[in-house]
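Since this is a predicted model, take the numbers as computed values, not measurements. Numbers here simply count residues along the sequence, with the first being 1.
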Amino acid sequence: MPLSRRDFAKRSAYTGAGVALAGSAGVLATAPGAIAGDEADSGQDLARGGHGFGYGPLVPDPDGILALPAGFSYRVITHSGVTTLESGESTPSNHDGTATFQGPRGTTLLVNNHELKGPRSKWEHPVPLAEGLVYDPAASGGCTVVEVSKHGDHVTEWVGIAGTSTNCAGGRTPWGTWLTCEENVDRAGQNGMTKDHGYVFEVDPHDRRANRDPKPIKALGRYEHEAVVVDTQRGHLYLTEDASGPNGLLYRWTPPRDFEHGRGELRGLADDAGVLKAAQCFDSGGNFVDDLSRATKTGTVYGVDWVEVPDRDAKTVPVRKQFGEGEVTRGRKLEGMWWADGGAYIVSSYAREESPVAHDGQVWFYNPKRRTLTLKVLLKVNADPSKDGALDGPDNITVSPYGGLIIAEDGEGVQHLFGATGDGRTYPIARNDLNIGTAEEPEYSEFTGVVFSPDGTTLYANIQDPGIMVAITGPWRRQRARG
């Protein structure tokens with residue numbers, strides 16, 4: 001049953017706008033450059049690492065790859081143009097969304113997206129066209145599966161899917177597979193493509209045979225997909241769209257009645273199976289919210305209703321353009337997602353002139369039981385991205401087994417992995433020291449694919465350009481809230 005604007009306004013009056021919607025990650029109120037929920041504490045300085053929490057300041061890397069706190073170390077797991085697949089071909093470039101799985105004999109399996117757009121001739125190291133695993137032979141992207149031995153001393157990598165385009169964040173399923181998302185809607189005949197793109201595909205890291213003859217899950221729609229999470233109780237899928245002109249949407253897919261999730265079940269669905277809807281938000285006064293950037297204070301809570309998508313395959317009109325004014329709520333660069341605490345953490349990387357209000361990053365939490373969206377983190381516009389310490393452009397996200405969130409930065413200037421505690425303080429975990437620019441004009445690629453190993457001892461992350469996966473280990477400890 002839809003949550004009406006009147007019902008939400010009435011509920012908000014009784015609950016103080018529902019601010020107390022906390023899970024184990026807590027209310028992440030502030031960050032460096034953030035706007036605090038009470039406007040009192042703007043967070044700790046990232047470069048110092050705060051006081052009494054975090055892991056201390058970052059130590060520059062003599063090898064020029066990854067700065068870490070004292071006591072921490074990293075290993076390079078894959079490196080495009082350096083490491084090779086079991087076929088002898090190069091590890092593909094442009095690492096992006098990643099998930100970990102428990103493998104056989106104590107190994108860890110990772111599925112790694114490669115965000116490669118356009119024809120294969122454009123890239124030095126596209127995803128190899130492995131026999132039987134190719135969707136569109138003209139496309140350059142896809143996924144690889146990486147197996148890391150128990151002690152980290154042996155790595156094997158192979159193709160999980162090839163011939164897809166611009167594979168971005170994706171999402172892990174509760175049944176042990178990876179949903180890889182195409183952030184590109186080229187039609188057959190565009191940019192040399194031979195098939196339509198803009199879909200989600202399922203990759204099984206445990207069973208190579210299950211990945212043969214890739215089939216898009218058209219029921220989830222065709223648009224600039226970014227990330228996806230699965231509601232472990234209700235079976236819904238939530239999906240983000242990274243698009244502009246107009247801004248993208250947050251979607252919910254409801255499976256058909258009597259459908260049971262499991263390995264390979266999604267790819268067997270009819271193209272129009274289930275119902276795909278887009279989010280429509282309204283504030284505590286019952287007023288429609290046109291764009292998520294309208295929220296200028298953490299703790300802001302919006303009620304959420306869902307509006308059905310008319311043509312999910314976007315045969316003539318892009319999905320986000322099928323709605324009129326006042327029908328759906330938009331957001332600029334809706335990016336990474338993670339399911340935890342009974343709901344979905346959702347990132348909006350930034351907003352500028354295309355949006356009502358500018359910001360340099362938001363993290364929202366969607367509570368499906370209450371049908372509410374709560375703003376947890378809000379970063380003000382970063383005045384000087386070249387300075388180490390300020391943050392901008394959160395992207396991939398994960399919930400830490402040690403409390404709070406771990407966020408990968410994809411902004412301007414210096415790039416970090418950083419944590420946010422339950423009471424909103426932030427601390428540095430890593431800084432990308434790999435300069436792919438010049439000494440006069442340094443440039444640092446974004447971090448992507450941040451995720452812990454199944455046992456919580458290793459944090460994996462990627463430097464997208466040139467494409468390096470690292471495994472970070474050290475004296476991890478619980479990051480507790482104050483008081």
Requested in this report: Name all pairs fulfilling the salt bridge (charged side-chain N to carboxylate O under 4.0 Å, His left out) condition that reach into residues 445-460, sequence neighbours left out, sorted by first residue then second.
Outcome: none

**Report entry** Residue pairs passing the salt bridge (charged side-chain N to carboxylate O under 4.0 Å, His left out) test where at least one lies in residues 191-203, sequence neighbours excluded
**Finding:** R187-D196

Query raised in the report: Sequence neighbours excluded, which residues qualify as salt bridge (charged side-chain N to carboxylate O under 4.0 Å, His left out) partners of E327?
Result: none

Report task. Give a yes or no on this: more than 12 heavy atoms of other residues, nucleotides or ligands lie within 6.0 Å of atom CD of E124. Result -> no

Query raised in the report: Parallel, tilted or perpendicular for Y402 and W476, by the 30°/60° rule?
Result: parallel

**Report entry** Basic-acidic side-chain contact under 4.0 Å: K333, D242
**Finding:** yes

Query raised in the report: Are R431 and D433 close enough for a salt bridge, meaning some N to O gap below 4.0 Å?
Result: yes

Requested in this report: Would you mind listing every salt bridge (charged side-chain N to carboxylate O under 4.0 Å, His left out) that reaches into residues 250-271, with sequence neighbours excluded?
Outcome: D204-R263

Report summary line: Which of T166, T180, T144, N462 passes side chain to side chain contact (heavy atoms under 4.5 Å, CB included) with N113? It is T180

Report task. Return the set of residues passing salt bridge (charged side-chain N to carboxylate O under 4.0 Å, His left out) with R352 (not counting sequence neighbours), or none when no residue passes. Result -> D360

Requested in this report: Could you tell me whether a side-chain N or O of R332 sits under 3.5 Å from a main-chain N or O of A351, the two making a donor and an acceptor?
Outcome: no

Report task. Could you list the residues that satisfy salt bridge (charged side-chain N to carboxylate O under 4.0 Å, His left out) with E157, not counting sequence neighbours? Result -> none

Report summary line: R209 meets the salt bridge (charged side-chain N to carboxylate O under 4.0 Å, His left out) criterion, sequence neighbours left out, with D207

Report summary line: For T438, the side-chain contact (heavy atoms from CB on, under 4.5 Å) test, sequence neighbours excluded, returns E440, E441

Query raised in the report: Restricting to pairs with a member in residues 147-180, which pass ring pair (Phe, Tyr, Trp, His ring centres under 6.0 Å), not counting sequence neighbours?
Result: W175-H261

Report task. Any pair with a residue in residues 228-240 that passes salt bridge (charged side-chain N to carboxylate O under 4.0 Å, His left out), sequence neighbours left out, goes on the list, sorted by first then second residue, please. Result -> D231-R234

Query raised in the report: Looking at residues at least two apart in the chain, or sitting in another chain, which of them share a side-chain contact (heavy atoms from CB on, under 4.5 Å) with R120?
Result: P126, L129, S140

Requested in this report: Determine whether the aromatic ring centres of Y55 and F72 lie less than 6.0 Å apart.
Outcome: yes

Query raised in the report: Under the side chain to side chain donor-acceptor pair (under 3.5 Å) rule, what pairs show up with a residue in residues 217-226, not counting sequence neighbours?
Result: E224-R320

